[in-house]
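Below is one structure, written out as structure tokens; the observations come after it.
Numbering of ligands and ligand atoms starts at 1, following listing order. Residues: numbered from 1 along the sequence shown. Nothing here was measured: the structure is a model prediction, and the numbers come from that model.
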Amino acid sequence: MATNETMRRAKGGKKDEFYTQYLTIKDEMIHHKDEFKGSIVACPCDDYDLSNFCKFFEDVKEEWGIKKLIFTSYPSGKYRIVDNQGVTDGELEGDGDYQSDEVQELIKEADIIATNPPFSLFKEFIIWVVNSGKKFCILGRGESIFVKEIFEFYKKNLIWYGKIRNVGMMFQVPNDYNSDKIVNGKKVCKVTCSWWTNFGDGQEKEQPFDTGVSYNSNNYRKYDNFDAIHVKSRNEIPMDYDGLIGAPSSYLDFRDDDVFEIVGLLNHYKESNEEKGWFIGEERWIKKGDKMVISKGPVLDGKAVFGRILIKRK
Ligand SMILES: C[S@@+](CC[C@H](N)C(=O)[O-])C[C@H]1O[C@@H](n2cnc3c(N)ncnc32)[C@H](O)[C@@H]1O
């Protein structure tokens with residue numbers, strides 16, 4: 001059953017209604033077509049009247065040889081099953097929370113979970129799906145790599161990025177959401193997102209990573225509070241520096257394990273756990289708005305900088 005905390009967050013005014021465009025789904029799934037043959041696919045955050053995941057998988061079901069589709073939606077509790085018998089629509093007893101016993105029972109037989117889960121429950125969702133042992137291909141915000149649990153899965157190679165990574169994607173949103181963009185009469189919102197998956201053997205390398213840039217002590221500064229050099233953009237990562245490099249997370253889009261080891265994350269965490277890959281810097285006073293606060297995150301020239309991926313040349 002859903003925990004009280006889950007219910008509070010999902011129902012407590014969280015803005016989770018970001019509907020994925022059909023092409024966004026197709027552009028990623030097409031790369032994993034072979035994974036779907038003979039499989040049972042569940043989309044557990046998907047109202048079959050609204051979700052393009054449902055539309056897309058119904059469209060390709062025959063061609064891709066998908067055995068069965070199971071769609072459940074929250075909070076309406078509607079479900080749809082599409083199999084050789086045809087289409088069966090029904091209503092669950094509860095509200096369709098993916099963690100409820102009822103939904104878990106219904107999707108138990110699924111081989112693959114494919115959805116865009118609620119942004120407010122993304123961490124919980126990915127922990128659940130990894131522990132379920134199922135294959136998955138799900139959409140999440142680009143910055144989710146900075147969530148400790150997600151990074152740990154990534155570092156252990158239990159999850160990785162799909163083909164489409166850190167791209168601004170358009171989602172249809174309800175009329176009361178904050179957005180001034182209207183496309184074809186519908187309100188839309190742009191969010192930077194990546195696909196997360198465990199299809200295949202690991203993150204596909206696009207090409208050997210080589211910025212062609214050499215280290216020069218005049219061009220790179222060490223953090224005030226951590227022994228690593230700060231690199232502003234992916235294209236400035238020096239290929240010949242032997243120490244720790246604080247790289248932007250966009251390095252991971254082109255991650256090349258033959259060249260760099262991913263050591264961990266340097267972020268504004270409370271505690272460090274180097275074994276798990278979470279690092280913190282020495283405490284520093286930094287200015288935040290009008291206030292001075294203590295930070296353990298990466299600090300450069302007295303200013304806090306955004307979290308970094310720590311990499312080291314192999
Ligand atoms: C980001 S939207 C995406 C909707 C749909 N999957 C799509 O891609 O178009 C996430 C959806 O998850 C639903 N949701 C929120 N809490 C949920 C829960 N506990 N269990 C299942 N779905 C939930 C929201 O109502 C919302 O429709």
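Thr192 places none of its side-chain heavy atoms less than 4.5 Å from the side chain of Arg141.
At distances below 3.5 Å, at least one donor-acceptor pair connects side-chain atoms of Asp83 with backbone N or O atoms of Gln85. Distance alone, capped at 3.5 Å, is enough to place a donor-acceptor pair between the Asp224 side chain and the Gly302 backbone.
Heavy-atom proximity to Gly96, at under 4.0 Å, picks out these atoms of ligand 1: 20 (N), 21 (C). Per-residue contacts place Pro44 under 4.0 angstrom from the following atoms of ligand 1 (heavy atoms of the residue considered): 21 (C). The atoms of ligand 1 that sit less than 4.0 Å from any heavy atom of Asp46 are 5 (C), 6 (N), 7 (C). Close approach of ligand 1 to Thr115 is summarised as follows: ligand atoms under 4.0 Å from at least one heavy atom of the residue are 6 (N).
Applying the salt bridge (charged side-chain N to carboxylate O under 4.0 Å, His left out) criterion to Glu143, with sequence neighbours excluded, gives no partner residue. Not counting sequence neighbours, Phe171 has no partner by the ring pair (Phe, Tyr, Trp, His ring centres under 6.0 Å) test.
Only the backbone of Pro117 comes within 4.0 Å of ligand 1, judged by heavy-atom distances.
Ranked by closest heavy atom to atom 23 (C) of ligand 1, the top entry among Phe56, Tyr74, Tyr19, Tyr98 is Tyr74. Atom 26 (C) of ligand 1 has its nearest heavy-atom neighbour, among Glu17, Arg141, Gln172, Gln21, in Glu17. Ranked by closest heavy atom to atom 7 (C) of ligand 1, the top entry among Leu121, Thr20, Asp95, Leu139 is Thr20.
Ring orientation note: the planes of Phe18 and Phe119 are tilted relative to one another, at an angle of 30° to 60°. Between Phe122 and Trp196, the two ring planes are tilted [angle within 30° to 60°].
Between Asn116 and ligand 1, an N or O atom pair is found at a separation short of 3.5 Å. Annotation: Cys45 places an N or O atom under 3.5 Å from an N or O atom of ligand 1; distance criterion only.
Not a single heavy atom of Phe119 sits closer than 4.0 Å to an atom of ligand 1.
Taking OG from Ser73 and CG from Asp49, the interatomic distance works out to 8.5 Å, rounded to the nearest 0.5 Å.
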